[in-house]
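Sequential numbering from 1 along the given sequence is applied to the chain's residues. Computed from a predicted structure; not experimentally measured. Heavy atoms only: backbone and side chains are in, while hydrogens, waters and symmetry mates are out. Just follow the structure's listing: the first ligand is 1, and inside any ligand the first atom is 1.
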Amino acid sequence: MKENNKSVKIKFFKGENIPLELHKTRVVQKLNLVPVERRLQALYEGGFNTFRLTTNDVFLDMLTDSGTNAMSDRQVAAMMYADDAYAGSQSFARLHTAVRDVLKKEYLLPVHQGRAAENILANAYIKKKGDLIPMNYHFTTALAHITQYGGRIVELLYDEAYNISSSHPFKGNMNTEKLERVICETGVENIPFIRLEASTNLIGGQPFSVQNMREVRRIADKYGIRVVLDASLLGENAYLVLKREPEFAGSSMGEVISIMTGLADIVYFSARKLSSSRGGGICTNKLEIYRELEALVPLFEGFLTYGGISVREIEAMAVGMYETLDETMICQSPQFIAYLVNSLANEGVPMVTPPGVLGAHVDAMRFCSHIPQSQYPAGSLAAAFFLVSGVRGMERGSISNQRDEEGNETFADMELLRLAVPRRVFTLSQIKYVIDRLSWLYENRQLISGLRFVYEPPVLRFFMGGLEPVSDWPQKLMKKFREDFGDSL
Ligand SMILES: *Cc1c(COP(=O)(O)O)cnc(C)c1O
């Protein structure tokens, strides 16, 4: 039987242009929507940090797409026939085959999640203090591992990427003129690798084009530097290439994915995103690279045929790897995100455009233009939005930044509230609820004020840090909520 693997466009004779799902729900999880008074209490208990809320208090969990995508029936079924073995598991063999088929890489090193791959790559390749990793943009865990081993990074986006409301289709592109300049100034011997991140997470899930990646490859070859692709969000980047890069208009997901992985020497990924499960991996076609990294897997992760991942999860990863080729599966999240972004933008809410992947991104710098960056507008907005909706988003702004070597605060280029839209998890009425509450909050934005740290961990402070409001603004916001919504939740 032939399967339909292309996203379909259905014309609605009347009404809006809404995304249509090509799946049905078969297992459900009940959600809690607790009263606003309880949500306020939860914020104080969680240090006004959405990472520290518990799901008992959360209605729609839009914190992240990491490990939260819906599993398919086939993935769950595969978990049942997993082969429990420390060494030589058939489950690993099936994953290995899937990686060869989909990512077209011969060698695979399994790791327990994406950052474990970053740890191994930084450990293997950052050999001296000051080694420089050019990249399109950093990801929090990638940066933390590189600096942990004494390395530095330089971010090489085009100026357009920092333009929040833009229509540029590929804001994740690496500025190749700057790349060449950086290589000449720094010296090849001080650049262990170039890192390209698919669907550049922290600037709003924005893709790069294949054309751009080819240009990066050309420069890397000219100077003999390795290209490392962070493929955690590769499926979505490939989907947007199909939709936005004219050369690939008639191509399949598989063709685009294999072209992109073919342009990198090393591909690593978080399977919490790439194949909607747990785990991660590093893969390459070069035996010498495999040999350089091989010993670090048993040291940090586990034996080479499980890498700290349970065999059940490995089976789900293998099935999920093939499902990444299915456009009807990959398109669901980007289509919901586009609907969310466009609807909010129509209400006047400042959003990152064009709509990207993994979530909708609200421009907190404009939403809360009255809050100085030193009082964390994005963190304040995340807390305020949870208070008025029970929806948990994530701060992607200065709280997510790390201090510099002298311990000074470094302000983020963008202050974003990210509302993640994991694959095939939410319904359209839930998305409409988000639009309604966020539009209300926008009208009442003057009631939001800032936050300050009361507990600041030295590494990745955004995860467990504790903050407090600079005034009694949460109480005032709650009062206004009660006035407008009555006794509604
Ligand atoms: C999530 C993510 C990572 C880290 O992966 P984990 O599995 O959470 O450790 C690395 N890079 C990108 C682009 C990501 O989105």
Worksheet item: What residues, two or more places apart in sequence or in another chain, satisfy ring pair (Phe, Tyr, Trp, His ring centres under 6.0 Å) together with Tyr376?
Response: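 Applying ring pair (Phe, Tyr, Trp, His ring centres under 6.0 Å) to Tyr376 gives Phe453.
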Fill in: Lys128/Asp131 ion pair, N-O < 4.0 Å
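Looking at Lys128 and Asp131, the cut-off is met.
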Worksheet item: Does Glu215 come within less than 4.0 Å of Arg218, counting only side-chain N to carboxylate O?
Response: yes
Discussion item. Are more than 12 heavy atoms, taken from residues, nucleotides or ligands other than Arg278, located less than 6.0 Å from that residue's CZ atom?
Written reply: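 Above 12, so yes.
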May I ask you to list the atoms of ligand 1 that are less than 4.0 angstrom from any heavy atom of [X]?
X	value
Gly114	5 (O), 6 (P), 7 (O), 9 (O)
Glu118	10 (C), 11 (N)
Arg115	4 (C), 5 (O), 6 (P), 8 (O), 9 (O)
Glu197	13 (C)
Arg272	7 (O)

Worksheet item: Who gets closest to atom 2 (C) of ligand 1 by heavy atom: Arg195, Arg278, Lys273?
Response: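 Closest candidate by heavy-atom distance is Lys273.
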Discussion item. Set out, in order, the CA-CA distance, both residues' side-chain angles and the distance that settles salt bridge (charged side-chain N to carboxylate O under 4.0 Å, His left out) for Glu323 and Arg423, then state yes or no.
Written reply: CA-CA 12 Å; Glu323 289 179 345; Arg423 271 178 223 143; over 6 Å; no
Fill in: Candidate pair Tyr306 and Phe92, rule ring-ring contact (aromatic ring centres under 6.0 Å, His included), full reasoning
CA-CA 7 Å; Tyr306 74 91; Phe92 180 74; 9.7 Å; no
For [atom], what is the nearest protein heavy atom, given as residue, atom name and distance?
atom	result
atom 12 (C) of ligand 1	Asp230 OD2, 3.3 Å
atom 3 (C) of ligand 1	Phe139 CE2, 3.4 Å
atom 7 (O) of ligand 1	Ser270 OG, 2.6 Å
atom 4 (C) of ligand 1	Thr141 OG1, 3.7 Å

Practice prompt. Consider every N or O of Tyr268 and every N or O of ligand 1, then say whether any pair is closer than 3.5 Å.
Written response: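 Looking only at distances, the answer is no, because the N/O contact criterion of under 3.5 Å is not met.
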Item to complete: Work out which heavy atom in Thr410 is nearest to a heavy atom in Gln402; give both atom names and the distance.
Response: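 Between these two residues, the closest heavy atoms are OG1-O, 2.8 Å.
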Worksheet item: In chain order, what residues pass the side-chain hydrogen bond (donor to acceptor under 3.5 Å, both in side chains) check against Arg100, with sequence neighbours excluded?
Response: His96, Glu106
